[in-house]
Amino acid sequence: QESTEFTAPDGHLPVAIAFTGDWHCGASGVRYDLLRRDLDLIAKTDGAYAVGMGDWLEGVNINTKAASALYSGLFNDGGFQEVYVVKRAEALRGKWLAILSGNHDEWIYRAAGITRMDQLADQLGAPHFSQGGGTIFATVGEQRYVLGVRHNAQGNSQLNTTNPQRRAFDTWPGHPPRRTGEP
């Protein structure tokens, strides 16, 4: 899927959208207490919604830091990681505007043919965008917003930190065309 529509229910102003990702559930060092607290806060806050930005699972496999992750991970089984993530994400059922795949999710798919994020999105009743991202067209009251979301963009650089932001517009699915004279 490349785009989705969201219209805030009447009377729910203001609206907040939290972008949450890189949970890496299963890895050691993850602050599970803070993750649970943040998700509970979004769940309890009227008018708060979320976009899942990918890499929710640690996703240990032979092609991705497997040895160190297997020794230091909190729980390494992909099935257990998925069960934990579903349990956490269920708290926001009906509040997920979209679920994205991250680079680790794509690595797992390439290495093992296992894809979990699209299945997770189905379980949560949310649209799924691949790592390439997508567009959320959001209407709040009389205002329409266009949100381009992507786990990460090509051209990451420690020397030129704005490069991925510029490159994102080159490959953004559903990017609205610019009018003549617009920057």
Side-chain angles (χ1 to χ4, degrees), residues 4 6 8-9 12-61 64-109 114-134 136 138 140 145 147-153 156-158 161-162 164-165 168:
T4 188
F6 166 72
H12 284 100
L13 295 173
V15 167
I17 301 174
F19 298 88
T20 178
D22 286 299
W23 298 355
H24 291 279
C25 293
S28 63
V30 175
R31 292 291 309 269
Y32 296 98
D33 58 328
L34 297 180
L35 174 61
R36 185 177 199 164
R37 183 198 69 189
D38 291 348
L39 294 176
D40 287 346
L41 178 63
I42 296 166
K44 292 175 187 174
T45 303
D46 201 25
Y49 299 90
V51 177
M53 298 298 293
D55 288 355
W56 286 358
L57 308 165
E58 178 59 6
V60 176
N61 70 63
T64 60
K65 62 180 180 184
S68 61
L70 285 169
Y71 287 113
S72 64
L74 187 60
F75 50 102
N76 297 308
D77 181 273
F80 292 151
Q81 291 174 9
E82 186 174 354
V83 166
Y84 180 83
V85 164
V86 168
K87 182 173 177 56
R88 285 294 139 252
E90 278 286 341
L92 271 64
R93 180 172 282 284
K95 290 188 163 221
W96 291 109
L97 301 186
I99 306 292
L100 283 74
S101 289
N103 55 318
H104 287 236
D105 305 315
E106 294 294 324
W107 293 340
I108 294 167
Y109 178 71
I114 297 170
T115 179
R116 291 192 165 100
M117 296 309 285
D118 59 345
Q119 296 165 356
L120 177 62
D122 284 345
Q123 286 178 277
L124 297 171
H128 174 251
F129 298 151
S130 71
Q131 182 186 0
I136 301 171
V140 180
Y145 299 91
L147 304 155
V149 293
R150 184 177 186 150
H151 179 76
N152 58 7
N156 287 338
S157 168
Q158 292 180 345
T161 57
T162 61
Q165 295 158 345

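As the structure is a computational prediction, the values presented were derived from the model and not from experiment.
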Intermediate values then yes/no, side-chain hydrogen bond (donor to acceptor under 3.5 Å, both in side chains), Tyr84 and Arg88: CA-CA 6 Å; Tyr84 180 83; Arg88 285 294 139 252; 3.3 Å; yes
Let's go through Ile17 and Ile136 carefully: what are the C-alpha distance in whole Å and the side-chain angles of both, what is the deciding distance for side chain to side chain contact (heavy atoms under 4.5 Å, CB included) to 0.1 Å, and is it a yes or a no? CA-CA 11 Å; Ile17 301 174; Ile136 301 171; over 6 Å; no
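- Nearest heavy atoms, Ala91 versus Ala43: O-CB, 3.3 Å.
- Taking the side chain as every heavy atom from C-beta outward, Thr20 and Asp38 never approach each other to under 4.5 Å.
- Here the CG atom belonging to Leu124 is positioned 8.5 Å from the CE atom belonging to Met117, to the nearest 0.5 angstrom.
- A donor-acceptor contact under 3.5 angstrom links the side chains of Ser101 and His128, judged on distance only.
- A search for side-chain contact (heavy atoms from CB on, under 4.5 Å) contacts involving Gln123 returns Glu82, Val86, Leu120, not counting sequence neighbours.
- Between Lys95 and Ile42, the shortest heavy-atom contact is NZ-O, 2.9 Å.
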In sequence, state the C-alpha distance, the side-chain angles, and the governing distance for Ile99 and Trp56, and then conclude on side chain to side chain contact (heavy atoms under 4.5 Å, CB included). CA-CA 10 Å; Ile99 306 292; Trp56 286 358; 3.5 Å; yes
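- Taking each heavy atom of Pro9 and Tyr49 in turn, the nearest pair found is CD-OH, 3.3 Å.
- Screening residues 118-131 for salt bridge (charged side-chain N to carboxylate O under 4.0 Å, His left out) gives no qualifying pairs among residues at least two apart or on separate chains.
- A donor-acceptor distance shorter than 3.5 angstrom exists from the side chain of Trp96 to the backbone of Ala89, with no hydrogens or angles considered.
- Remark: Arg93 pairs with Glu90 by the salt bridge (charged side-chain N to carboxylate O under 4.0 Å, His left out) rule, at least two apart or across chains.
- The two residues Ala121 and Pro127 make their nearest non-hydrogen contact at CB-O, 4.2 Å.
- Looking at every heavy atom in both residues, Leu97 comes nearest to Thr4 through O-CG2, 3.7 Å.
- Of all the heavy atoms in Leu92 and Leu39, the pair that sits closest is CD1-O, 3.1 Å.
- Taken from CG in Asn103 to CG in Asp55, the straight-line distance is 4.5 Å, to the nearest 0.5 Å.
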